[in-house]
Amino acid sequence: MNVNAPAQPFSGTMDVDEFMAFLETRPDGEHWELIEGVVVMMAPASYAHQRIARNLCELLNSAFVTRRLDLFAYFDAGVRSPGVRNFHPQPDVVIVPGIAGYDLYSEHFQLVAEVLSPSNTRVEIDLKLRQYREAPDNLYAVVIEPRELLVTIYARRHDWEPATLTKAHDSIDMPEFGLRCVVADLYSGTPLNPQRG
């Protein structure tokens, strides 16, 4: 994460309707988010970044099938919080209940995960985490650093206090989802764990 970048204030005036109209004017392949009313273009994801997100989705979706939970982990899906008009991010991983519809976002997400990019700033991540923790249905916010073994898990059941995991065999337990794995599982197939799980 680029923590040395100057912290820019996020105090824009764009709302989610204006944001959706803005997206229609942009070329395919661009990745934009609305954070505190400011439109932010996201950097393209590296292969390691994408692999980590996919690994997490696969681990979660396997756990859901095993426990017969009506949940699904999606890549790059939009989320919103009820009543919040200036926030529309696209986390790398989102858990949403029920049948997949035709919506472009969900207000009923139960987990969000952000795999960091070099362009992410601490201010941006902190603003997202605040909104994720305030979402009524959300149970987890996860932040993953793709260039080192570093996973931070914020869980509602622990009053959103961060649990920082830095060792390959540190356990990741999300009992609500039936997920139990280790940090190395998230990094499978990347330079930090070239073994394929």
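Among residues at least two apart or in separate chains, salt bridge (Lys or Arg N to Asp or Glu O under 4.0 Å) pairs with a member in residues 166-178 are Arg157-Glu176, Asp173-Arg180. The salt bridge (Lys or Arg N to Asp or Glu O under 4.0 Å) analysis of residues 91-118, with sequence neighbours excluded, yields the pairs Glu114-Lys128. Applying the salt bridge (Lys or Arg N to Asp or Glu O under 4.0 Å) definition to pairs two or more places apart or across chains, those involving residues 52-61 are Arg54-Glu58. Applying the ring pair (Phe, Tyr, Trp, His ring centres under 6.0 Å) definition to pairs two or more places apart or across chains, those involving residues 146-186 are Phe64-Phe177, Tyr140-Phe177. Within the structure, side-chain hydrogen bond (donor to acceptor under 3.5 Å, both in side chains) pairs that include any residue of residues 66-78 do not occur (at least two apart or interchain). Legend: ring pair (Phe, Tyr, Trp, His ring centres under 6.0 Å) pairs involving residues 32-55, not counting sequence neighbours, sorted by first then second residue: Phe22-Trp32.
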N/O donor to acceptor pairs below 3.5 angstrom from side-chain atoms of residues 81-88, sequence neighbours left out:
{"unit_1": "Arg85", "atom_1": "NH2", "unit_2": "Asp17", "atom_2": "OD2", "d": "2.6"}
{"unit_1": "His88", "atom_1": "ND1", "unit_2": "Arg80", "atom_2": "NE", "d": "2.8"}
{"unit_1": "His88", "atom_1": "ND1", "unit_2": "Arg80", "atom_2": "NH2", "d": "3.4"}

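Between the side chain of Thr121 and the backbone N or O of Glu124, at least one donor-acceptor pair lies under 3.5 Å. Here the side chain of Glu18 pairs a donor or acceptor atom with the backbone of Asp15 at under 3.5 angstrom. Panel note: side chain Asn61, backbone Phe72; no donor-acceptor pair is recorded below 3.5 Å. Panel note: side chain Ser106, backbone His108; a donor-acceptor pair is recorded below 3.5 Å. A donor-acceptor distance shorter than 3.5 angstrom exists from the side chain of Asn55 to the backbone of Ser188, with no hydrogens or angles considered.
Closest non-hydrogen pair, Ala53 versus Val93, comes out as O-CG2, 3.5 Å. For the pair Val94 and Val96, the tightest heavy-atom approach, listed with the atom from each and the gap, is CG1-CG2, 3.6 Å.
Using a 4.5 Å cut-off on side-chain heavy atoms (C-beta onward), Val142 and Thr152 make no contact.
Considering only residues two or more places apart in sequence or on other chains, Tyr187 meets the ring pair (Phe, Tyr, Trp, His ring centres under 6.0 Å) condition with none of them. The side-chain hydrogen bond (donor to acceptor under 3.5 Å, both in side chains) check on Gln90 picks up nothing, with sequence neighbours excluded. Partners of Ala184 under the side-chain contact (heavy atoms from CB on, under 4.5 Å) rule, at least two apart in sequence or in another chain, are Ala168, Val182, Asn193. In terms of the salt bridge (Lys or Arg N to Asp or Glu O under 4.0 Å) criterion, Arg147 has no residue partners (sequence neighbours excluded). With sequence neighbours left out, Arg26 forms a side-chain hydrogen bond (donor to acceptor under 3.5 Å, both in side chains) with Glu30.
Separating the CG atom in Leu165 from the CG atom in Leu149 is a distance of 10.0 Å, to the nearest 0.5 Å. To the nearest 0.5 angstrom, Ile153 atom CD1 is 14.0 Å from Glu161 atom CD.
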Item to check | Step-by-step salt bridge (charged side-chain N to carboxylate O under 4.0 Å, His left out) determination, Glu36 to Arg130 | outcome: CA-CA 11 Å; Glu36 300 286 319; Arg130 180 176 53 85; 2.5 Å; yes
